[in-house]
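Residue numbers start at 1 and run along the sequence shown.
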Amino acid sequence: VQLQASGGGLVQAGGSLRLSCAASGRTFSSYLMAWFRQAPGKEREFVAAISPSGGTTDYEDSVKGRFTISRDNTKNTMYLQMNSLKPEDTAVYYCTADPEQRLGSLRRRIAASYDYWGQGTLVTVSS
């Protein structure tokens, strides 16, 4: 599985960005997908996850109501729409996949549970 994240950039507080994650593989529609982020000097932290069909989503509390995770299985692509951005959202954002849907609701929030990662895309929110 190969993943490529894109869409990061510099935005003012209150602004919006949409991240994309393009995935390889014929069975993308069976992958659990997730976004994590890592700020300088901090651990990589869970942001959001989406089930293979897109029908179930999960968010970290600090992004609920501001971020929306989605996917288009016809394009092998996952998205993260980020609205009302705050300076504390500044980080490198990574996409990841669980192709075999091994992870339950707790383990999917732990970065070490995943084997496949994209290269990351930098989001900088200025105050």
Side-chain angles (χ1 to χ4, degrees):
V1 177
Q2 293 185 323
L3 305 169
Q4 184 167 358
S6 61
L10 174 63
V11 63
Q12 290 187 332
S16 299
L17 281 175
R18 188 176 82 153
L19 306 183
S20 298
C21 175
S24 65
R26 297 181 180 179
T27 56
F28 174 78
S29 60
S30 68
Y31 299 175
L32 171 76
M33 298 293 295
W35 288 99
F36 282 72
R37 64 186 180 186
Q38 188 165 17
K42 294 189 176 182
E43 297 286 322
R44 192 169 297 189
E45 67 173 3
F46 173 78
V47 176
I50 188 166
S51 64
S53 69
T56 301
T57 57
D58 184 24
Y59 295 93
E60 194 270 328
D61 284 348
S62 69
V63 307
K64 282 181 181 177
R66 300 189 299 123
F67 291 10
T68 302
I69 189 171
S70 63
R71 64 193 295 161
D72 185 339
N73 287 342
T74 67
K75 297 181 179 179
N76 281 19
T77 303
M78 172 181 66
Y79 304 98
L80 186 67
Q81 178 66 44
M82 305 186 294
N83 299 329
S84 302
L85 282 161
K86 304 176 181 180
E88 50 264 44
D89 294 318
T90 294
V92 177
Y93 283 71
Y94 296 91
C95 57
T96 186
D98 171 23
E100 299 177 359
Q101 302 175 54
R102 301 175 294 112
L103 304 179
S105 59
L106 294 179
R107 289 184 63 203
R108 68 182 57 167
R109 286 172 164 253
I110 302 171
S113 300
Y114 293 86
D115 296 325
Y116 304 99
W117 293 91
Q119 84 287 4
T121 185
L122 177 63
V123 173
T124 304
V125 184
S126 62
S127 57

Closer than 4.0 angstrom, basic N to acidic O: yes or no for Lys64 and Asp61?
yes
Measure the CG-OG1 distance between Leu10 and Thr90 for me, rounded to the nearest 0.5 Å.
8.5 Å
Can you tell me if CD on Gln4 sees more than 12 non-hydrogen neighbours from other groups inside 6.0 Å?
no
Could I get the full list of ring pair (Phe, Tyr, Trp, His ring centres under 6.0 Å) partners for Phe46, not counting sequence neighbours?
Phe36
Joint cluster assignment, Tyr79 & Leu3, ILVMFWY side-chain distance < 4.5 Å
no
OG1 (Thr96) and CE (Met78) are apart, to the nearest 0.5 Å, by 8.0 Å
For residues 10-100, pull every pair meeting disulfide (SG to SG under 2.5 Å), keeping only residues two or more places apart or in separate chains.
Cys21-Cys95
Under the salt bridge (Lys or Arg N to Asp or Glu O under 4.0 Å) rule, collect the residues that match up with Asp98, sequence neighbours excluded.
Arg102
Whether over 12 other heavy atoms sit under 6.0 Å from Gln81 CD
yes
Joint cluster assignment, Trp117 & Tyr31, ILVMFWY side-chain distance < 4.5 Å
no
Side-chain touch Arg108/Ser113, heavy atoms, less than 4.5 angstrom:
no
Separation between CZ of Phe28 and CE of Met33, rounded to the nearest 0.5 Å
4.5 Å
Arg44 side-chain N/O to Tyr94 backbone N/O, donor-acceptor pair under 3.5 Å:
no
Could you state whether Phe67 and Val11 fall into the same hydrophobic cluster, counting links through intermediate Ile, Leu, Val, Met, Phe, Trp or Tyr residues with side-chain heavy atoms under 4.5 angstrom apart?
yes
Roughly how far apart are Leu80 CG and Ser20 OG, rounded to 0.5 Å?
9.5 Å
With no hydrogens and no angle check, is any side-chain donor or acceptor of Asn73 less than 3.5 Å from a backbone partner on Pro52?
yes
Applying salt bridge (Lys or Arg N to Asp or Glu O under 4.0 Å), can you list everything that pairs with Asp72, at least two apart in sequence or on another chain?
none
Here the disulfide (SG to SG under 2.5 Å) pairs for residues 44-90, sequence neighbours left out, are none
Are Leu103 and Ile50 connected in a single hydrophobic cluster, I mean Ile/Leu/Val/Met/Phe/Trp/Tyr linked by side-chain heavy atoms less than 4.5 Å apart?
no
Membership question, hydrophobic clusters at under 4.5 Å side-chain separation (ILVMFWY): are Tyr59 and Met82 in the same one?
yes
Taking Arg71 for its side chain and Gly54 for its backbone only, find out whether a donor-acceptor pair lies under 3.5 Å.
no
Enumerate, atom names and distances included, each donor-acceptor pair closer than 3.5 Å involving a side-chain atom of residues 119-127, sequence neighbours excluded.
{"from": "Gln119", "atom 1": "OE1", "to": "Ala5", "atom 2": "N", "distance (Å)": "3.3"}
{"from": "Gln119", "atom 1": "NE2", "to": "Ala5", "atom 2": "O", "distance (Å)": "2.8"}
{"from": "Thr121", "atom 1": "OG1", "to": "Gly8", "atom 2": "N", "distance (Å)": "3.0"}

Inter-residue atom distance Ser24.OG - Asn76.CG, 0.5 Å rounding:
8.0 Å
Going from CG on Asp89 to OG on Ser62, what distance comes out if it is rounded to the nearest 0.5 angstrom?
7.0 Å
Where the side chain of Ser84 meets the backbone of Gly14, is there a donor-acceptor pair that is under 3.5 Å apart?
no
